[in-house]
Amino acid sequence: MNDEQLHAMRHSLAHITAAAVKRLWPEAKFGVGPVVENGFYYDIDLGGQKISEADFGKIEKAMRRIVTEAQDFERFTMPIDEAIAWAKESGQPYKEELLNDLKRSGTTVAKDLESEELGTIAEGDAAVSEVSFYKNGDFTDLCRGPHVANTKEVGAFKLMRVAGAYWRGNEKNAQMQRLYGVAFATQEELDKHLEMIEQAKQRDHRKLGKELDLYTGSSLIGAGLPLFTPRGTILRDMINDLAQSYRIKNGYEKVWIPHIAKLDTYKTSGHFEKFPELLRFTSTESGDELALKPVNCPHHTQIFAGRPRSYRELPVKYLETTTVFRDEKSGELGGLNRVRAITQDDSHVFCSEDQIEDVFAELIESAQAMYELLGLKLSLRLSFRDDADNYLGDPKVWENAQNAIHALAEKFGLEYEIGIGEAAIYGPKMDFMATDALGRKTQLATVQLDYALPERFQLEYTAEDGSKKRPIMIHCALLGSIERFLSIYIEHTAGWFPLWAAPEQIRILTINDTVTDYVKEIEEVLRGVVLMEPVKYNELRFTVDDRNESLGKKIREATAWKIPMQLIVGTKDKEAREVSVRTQTGEEKVALNKLAEYLQQL
RNA sequence: GCCGCCUUAGCUCAGUUGGUUAGAGCAGCUGUUUUGUAAACAGCAGGUCUUCGGUUCGAGUCCGAAAGGCGGCUCCA
């Protein structure tokens with residue numbers, strides 16, 4: 001089955017789903033029912049009634065009946081006005097709205113339509129004279145097609161979930177129920193897909209975060225405020241050290257800023273104007289209105305502005321991993337991926353026009369090197385502005401900045417896609433999207449070019465000729481948010497972190513207590529080992545399991561904890577002055593006097 | 001924020017149409033066992049069934065609200 005056939009099949013299943021729902025709830029009003037990755041959905045309005053997953057059985061049964069009834073999909077056309085009348089008569093107001101949009105503009109795609117016109121009744125000349133319908137059995141639907149010829153040709157399917165969705169994606173509109181299904185040509189492919197979902201669940205960072213004791217949440221502290229345990233904190237620190245190391249190599253200097261600032265800061269930066277509801281305030285006795293910082297850049301600009309600057313010290317490169325606070329809507333929070341206290345491995349460069357390229361080059365190389373080391377594949381998105389008017393700064397400057405980024409991507413021979421409307425409020429971005437083990441893409445690293453904030457904060461330096469010039473800012477986070485990065489990384493590794501990053505790197509497992517003294521010697525060796533790659537001064541983290549338990553149990557537990565290296569020590573090892581090094585890939589004997597060297601080389 | 005679902009011991013889960021003292025495995029503690037490659041054996045202890053309010057002779061079970069979580073929608077500097 002080719003992609004087109006698969007698409008037609010999934011689309012046909014959307015119709016069959018709607019037809020089944022209509023049999024069960026004749027008063028159902030229908031929205032749209034498109035094909036999505038791996039399946040389809042249909043938006044349904046049952047008035048006060050709600051479909052729940054408990055209803056899936058009977059809906060699927062009705063769908064199967066329609067399949068066995070072997071109904072032909074018949075295509076026919078209707079003049080647009082007749083179609084509008086049909087929608088009205090059949091009590092399908094959502095279809096009526098779509099038809100009016102078609103009549104007026106020739107499209108039903110909400111973002112291509114003038115928002116004031118959306119859903120209004122079309123007057124005057126029609127943009128489309130007739131529209132196509134598909135009919136199977138007694139179910140007729142406005143549809144461009146194509147479909148399979150007959151309902152019996154639909155392959156294997158399963159309803160997955162029901163969720164709320166706003167009509168036409170606008171939160172001011174009515175909320176409908178979106179019925180999601182997956183569909184494949186064969187039962188085997190469907191089973192394979194369901195199996196993959198099951199595997200994804202096994203490596204879900206929320207599950208592993210609990211099992212590996214990395215972080216926890218507290219309903220007392222609040223939603224979206226993860227608390228990191230000792231193990232999780234080690235992982236955080238190691239990852240952060242790695243991300244910082246690339247920039248420290250390139251002359252970035254660490255700075256430190258407080259977590260609050262006067263509200264005026266964000267009035268100056270423009271953040272208050274755009275995101276007033278996301279800033280949290282504290283009132284103070286002094287009368288200052290203070291906000292928790294939602295971004296770090298304004299603070300960093302003030303370090304730059306703290307004394308006069310000469311062209312000789314440019315580029316000035318600041319680096320800081322620090323937490324920003326954003327009051328995300330409650331329903332948007334989830335795991336570590338979306339939190340309200342976001343820790344960024346942030347850096348800001350203040351430079352002159354002719355230094356932009358070098359700064360970008362360093363950062364692009366760093367991002368590529370780091371993600372290659374971590375085994376995550378990066379793809380590039382150039383995030384440009386759209387026509388909205390809430391961006392800061394002169395559109396001409398924007399155009400220059402976007403052209404500059406575009407040219408840099410070309411110059412470095414990077415493959416990229418362009419994301420319109422994905423820019424930051426103050427400038428265009430080069431976003432690195434990581435693809436995880438399950439093929440999902442998430443934006444992590446970001447490099448942003450900014451002419452707006454230096455202007456707003458009146459930053460300047462003295463040029464060679466004695467004149468005052470405005471620096472350009474380059475924002476960068478290689479990890480993005482540490483929390484979000486970890487959510488991806490935990491799932492990518494399934495909790496099997498590399499030796500250098502693992503919270504507990506080595507566990508010594510004893511066979512009985514005759515080896516106690518020998519274990520002390522091994523510990524002495526391990527204490528002397530300090531890893532220097534990829535993070536410097538990384539002292540070995542190990543524990544000893546000398547409990548009165550069977551070796552089998554100790555191995556089982558150490559493996560469940562996904563500890564990269566188990567050192568098994570028994571009387572035979574003691575006599576041979578060796579240890580048995582057990583890793584995921586197998587087991588080997590290493591002489592005690594070679595152990596330090598062995599570990600250094602990994 | 002919106003729609004739907006979920007919340008029982010530290011963890012994973014049982015708990016019949018509302019009906020006696022709410023169960024299990026793992027973890028914990030106490031013994032015994034000193035163990036060579038993924039769970040030794042026995043005993044003990046552990047719960048205001050998320051919280052608050054309601055219906056009822058009686059609520060883990062029904063209703064309402066809140067908190068937290070999950071799946072989406074919307075949003076994401």
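Below, chain A is the first sequence line, B the second, and so on; all start at residue 1. All heavy atoms count here, side chains included; hydrogens, waters and symmetry mates do not.
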Side-chain N or O of A/Ser550 closer than 4.0 Å to phosphate OP1/OP2 of B/A40: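 Yes, within the criterion.
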Distance test, side-chain N/O of A/Lys553 to OP1/OP2 of B/A27, below 4.0 Å: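 Yes, within the criterion.
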If the [atom1] atom of [N] is compared with that of [M], how far apart are they to the nearest Å?
N	M	atom1	answer
B/U16	B/U12	C1'	22 Å
B/C76	B/G1	C1'	14 Å
B/C62	B/U17	C1'	12 Å
B/A59	B/C44	P	31 Å
B/G43	B/U55	P	46 Å
B/C13	B/C73	P	25 Å
B/U61	B/A45	P	28 Å
B/A66	B/C3	P	11 Å

Worked verdict on A/Lys158 versus A/Leu194 for side-chain contact (heavy atoms from CB on, under 4.5 Å): CA-CA 10 Å; A/Lys158 184 178 188 326; A/Leu194 297 176; 3.8 Å; yes
[X], nearest nucleotide to its side chain (from [options]):
X	options	result
A/Ile555	B/G28, B/A38, B/G68	B/A38
A/Arg582	B/C75, B/U37, B/G36	B/U37
A/Arg484	B/A77, B/C76, B/C73	B/C76
A/Arg206	B/U34, B/C70, B/A39	B/C70
A/Tyr426	B/G72, B/A77, B/A39	B/A77

Indicate, with a heavy-atom threshold strictly under 4.0 Å, whether [X] touches base, sugar-phosphate, or nothing.
X	value
A/Glu587	base
A/Ser580	base
A/Gly169	sugar-phosphate
A/Gly224	sugar-phosphate
A/Gly217	nothing

Close residues, residues 562-570 of chain A, relative to RNA chain B [heavy-atom separation under 4.0 Å]: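 Going residue by residue through residues 562-570 of chain A, the ones with a heavy atom under 4.0 Å of RNA chain B turn out to be A/Ile568, A/Gly570.
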When you compare the side chains of [X] and [Y], does any donor N or O come within less than 3.5 Å of an acceptor on the partner?
X	Y	result
A/Thr229	A/Arg231	no
A/Gln448	A/Tyr426	yes
A/Asp450	A/His475	yes
A/Ser347	A/Glu320	no
A/Glu588	A/Tyr598	yes

A/Asp513 or A/Tyr180, whichever maps to the more 5' nucleotide of RNA chain B: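 It is A/Asp513, whose closest nucleotide lies nearer the 5' terminus.
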5' precedence on RNA chain B between A/Arg340 and A/Ile425 (nearest-nucleotide basis):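 Looking at the nearest nucleotide for each, A/Arg340 comes out on the 5' side.
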Pairing pattern in dot-bracket form [Watson-Crick, G-U; both distances under 3.5 Å; | = partner strand] for RNA chain B: (((((((..((((.....[...)))).(((((.......))))).....(((((..]....))))))))))))....
NZ/NE/NH1/NH2 to OD/OE distance under 4.0 Å, [X] and [Y]:
X	Y	result
A/Asp204	A/Lys201	no
A/Asp43	A/Lys29	no
A/Arg470	A/Glu455	yes

Give the rounded distance in Å between these two atoms: [atom1] of [X] and [atom2] of [N].
X	N	atom1	atom2	value
A/Arg556	B/G25	CZ	P	16 Å
A/Arg178	B/U74	CZ	C1'	11 Å
A/Gln202	B/U12	CD	C1'	12 Å
A/Leu336	B/C70	CG	C1'	15 Å
A/Leu551	B/U34	CG	P	16 Å
A/Asp327	B/C75	CG	C1'	12 Å
A/Lys572	B/U37	NZ	P	8 Å
A/Asn170	B/U74	CG	P	10 Å

Contact pattern, 5' to 3', of nucleotides 1-11 of chain B - B, S or - by protein heavy atom under 4.0 Å: BBBS------S
side-chain contact (heavy atoms from CB on, under 4.5 Å) partner of A/Thr323, the single match among A/Asn296, A/Ile482, A/Leu292, A/Thr343: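 Testing A/Thr323 for a side-chain contact (heavy atoms from CB on, under 4.5 Å) against A/Asn296, A/Ile482, A/Leu292, A/Thr343 leaves exactly one candidate, A/Thr343.
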A/Lys317 NZ/CZ over A/Phe350 ring centroid, <6.0 Å and within 45° of normal: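 No; the conditions do not both hold, so A/Lys317 does not lie above the ring face of A/Phe350.
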Does the base of [N] carry an N or O that pairs as donor and acceptor with the side chain of [X] under 3.5 Å?
X	N	value
A/Asp573	B/G36	yes
A/Arg338	B/C75	yes
A/Ser218	B/G68	no

Ring pair (Phe, Tyr, Trp, His ring centres under 6.0 Å) evaluation trace for A/Tyr42 with A/Phe30: CA-CA 8 Å; A/Tyr42 218 112; A/Phe30 295 100; 5.6 Å; yes
Nearest atoms (heavy-atom pairs only) where A/Leu509 meets A/Leu551: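 Scanning both residues, the minimum pair turns out to be CB-CD1, 4.2 Å.
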Main-chain N/O of A/Arg547 paired with A/Asp545 side-chain donor or acceptor, under 3.5 Å: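 Yes, A/Asp545 side chain to A/Arg547 backbone: donor-acceptor pair under 3.5 Å.
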Ring center gap for A/Phe184 and A/His193 short of 6.0 angstrom: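 Ring centroids of A/Phe184 and A/His193 are less than 6.0 Å from each other.
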